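Just below is one structure, and these are the notes that go with it.
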Amino acid sequence: MPPIIKINDAKDHVGQVVTVRGWLKRKTGKGKINFLRVRDGSGIFQAVAFRPNLGDEKFAKVKSLTTESSIILTGEIKADERAPGVPGGYEMDIQEIEIVQLAEPYPIAPKEHGAEFLLDNRHLWLRSDRQWAIQRVRATVIRAIRDWLDEHDFLNVDTPILTPAAGEGTTTLFEIDYHGQPAYLAQTGQLYNEANIFAFGKVYCFGPTFRAEKSKTRRHLQEFWMVEPEIAFCHLDELLEIEEQFVSYIVQRTLAERANELKLLGRDTSKLENVTPPFPRLRYDDAVTMINEAAAAGVTVPPKDEPLTPIEWGDDFGAPHETYIASQFDRPVFVTHYPTAAKAFYMEPDPDRPEVCLSADLLAPEGYGEITGGSERMSEPEKLLAAIHAQGLPEEAFDWYLDLRKYGSAPHSGFGLGVERTVAWLTGVKNVREAIAFPRVLGRITP
RNA sequence: UCCACCGUAGCUCAAUUGGCAGAGCAGCCGGCUGUUAACCGGCUGGUUCCUGGUUCGAGUCCAGGCGGUGGAGCCA
């Protein structure tokens, strides 16, 4: 029996007769020759059926194949520059064919489809070249995240998804019934991370988070994955150094390990090769000045080339403002020292200027927006309690959180990185819903 | 919640001033020895989102509803 190989390994079997198990993506051909584009999950290659070699009976079997039929092919691997695929350049000269199942007419055609149709057929859409490549990039991003953190002494301590109270406010939580008691799906693990650092020093949690925001934009999901590192005895400047090392590692490792997938996606990787430390740092004050100067000069921003609108000090940036700022740099840029009033209650105010806080958002280039958000946390119990009151939050819900400031409080900092936004940026896809296998977007829960 | 746009074959779209509902792709049949979303010939395929209205006549105009896409706010 010939060995069963993965398409991705075809290059190691040139001249050998091997077996491949997979699915037919597409079939083209002429009277005596048929070309089968075959995928097996590891890669995509072409198998050639030539009637004089194969015989009429087996050739008729090949001709009967429908798109997405599951098949087992045996034949000789040949190197051929004309052979398309991923990685490409190798094809099989078919000698034997077994049809495992002849697929029914497949709804997804090799042409353009609308977003609604594709999302309705997400379970099938995942088989398409681009979606396959995106998910493989995602897996590498996730692995890079874990490897970097594990290798830099961060302990993975995961935080609960079922939670009793809001992390940042009650308006965007999914409420569920916890045995008769209201509970909420977590929108962040950060408060628990802050408990964990006092036990473990440096920690991260990594999992899905949930936001019931009525947001229907290409950057929003109801359920998305976030990694949140948190570090004890860490100030903002040290946090930024960690973040730029971390993000650069993720980008460079993806470039190294997923070159084929990025090529298939048509990604211009030259823009990603720039992503090395240090990243530029921009204070909120200076960002506002930049935006207002550009707005006065009539600068427009993609994707719709609408004019940039001026903003007032104290406003948070809109998506066009982020896009403009990011476009001024050749790698991700930190925007730091946002107005305290615009940010979450737990962020430490700047001791020299309490109206701004020790926060930092990292804006990805090319309009992909905020990929991390982080800050130094408030470490003094009195200040934290005052901030909770100022936000009108219920003090009793934060009893344990306040405890952390009573028993060996220390300066500490952390950030969250959104996996789907990062994957969308690296792959160049326009909408984050393509960066997760089964996206939960507003108004959709299936498939 | 608000704003804009859209809804016609399995899919992507067309249909002049309100006047016979059409094309490409997919599917099926046939042809073709190197195809890259092949090509050539033929066939099949319709609750024009729903309800009501105007009209001799509505895919087209009007009203209401439903659904979708993008954006705002908010965020990763």
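We name chains A, B, ... by the order of the sequence lines, and we start the count at 1 in each one. In what follows, every heavy atom counts, from backbone to side chain, and hydrogens, waters and symmetry copies are set aside. Just so it is clear, the model here is predicted, and its values are computed rather than measured.
- Between R218(A) and G71(B) there is a side-chain N or O to OP1 or OP2 distance below 4.0 Å.
- Taking the six-membered ring for Trp and the full ring otherwise, W313(A) and Y284(A) have centroids separated by under 6.0 Å.
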Name the pairs: protein N/O against N/O of nucleotides 9-12 of chain B, kept only if under 3.5 Å.
| from | atom 1 | to | atom 2 | distance (Å) |
| --- | --- | --- | --- | --- |
| C11(B) | O2' | H113(A) | ND1 | 2.5 |
| C11(B) | O2 | K111(A) | NZ | 2.9 |
| U12(B) | OP1 | G114(A) | N | 2.8 |
| U12(B) | O4' | K111(A) | NZ | 3.0 |

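- The aromatic ring of F224(A) is stacked on the base of A76(B), with the two ring centres less than 5.5 Å apart and the planes inclined by under 30°.
- Atom CZ in R21(A) sits 10.5 Å away from atom OG1 in T74(A) (nearest 0.5 Å).
- Across G46(B) and C40(B), the matching P atoms stand 26 Å from one another, rounded to whole Å.
- Distance check on atom C1': G24(B) versus A14(B) gives 10 Å, rounded to whole Å.
- Closest heavy-atom contact between S69(A) and L102(A): OG-CA, 3.5 Å.
- When the P atom is compared between A72(B) and A38(B), the two are found 38 Å apart, to the nearest whole Å.
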Passes side chain to side chain donor-acceptor pair (under 3.5 Å), Y401(A) versus E194(A)? Steps please.
CA-CA 8 Å; Y401(A) 187 63; E194(A) 289 184 62; 2.6 Å; yes
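- An OP1 or OP2 oxygen of C39(B) is reached within less than 4.0 angstrom by no side-chain nitrogen or oxygen of K30(A).
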Expected string for nucleotides 42-48 of chain B under the B/S/- scheme (protein heavy atoms, under 4.0 Å, primed atoms plus P, OP1, OP2 as sugar-phosphate) is -------
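- Taking atom P on both G42(B) and U51(B), the two are 38 Å apart, rounded to the nearest angstrom.
- Contact between A435(A) and A424(A) at its shortest, heavy atoms only, is CB-N, 4.2 Å.
- Closest to the side chain of T217(A), out of G71(B), C75(B), G34(B), is G71(B).
- The residue L417(A) sits apart from the nucleic acid: no heavy atom pair falls under 4.0 Å.
- A tilted orientation is assigned to the rings of W148(A) and F154(A), their planes being inclined by 30° to 60°.
- Every stem involving RNA chain B, taken as at least 3 paired positions in a row under the Watson-Crick or G-U wobble test at 3.5 Å, is listed here: B:1-7 with B:66-72, B:10-13 with B:22-25, B:27-31 with B:39-43, B:49-53 with B:61-65.
- Salt bridge R281(A)/E244(A): present, at least one basic N to carboxylate O contact under 4.0 Å.
- Contact check, R444(A) against G67(B): no side-chain N or O comes under 4.0 Å of OP1 or OP2.
- In this structure, the ring of Y338(A) has its center less than 6.0 angstrom from the ring center of F317(A).
- Remark: N431(A) is in phosphate contact with G70(B), judged by side-chain N or O atoms under 4.0 Å from OP1 or OP2.
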Apply salt bridge (Lys or Arg N to Asp or Glu O under 4.0 Å) to K271(A) and D330(A), showing your working.
CA-CA 7 Å; K271(A) 289 178 176 164; D330(A) 69 345; over 6 Å; no
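- Taking atom C1' on both nucleotides, A9(B) is separated from C28(B) by 16 Å, rounded to a whole Å.
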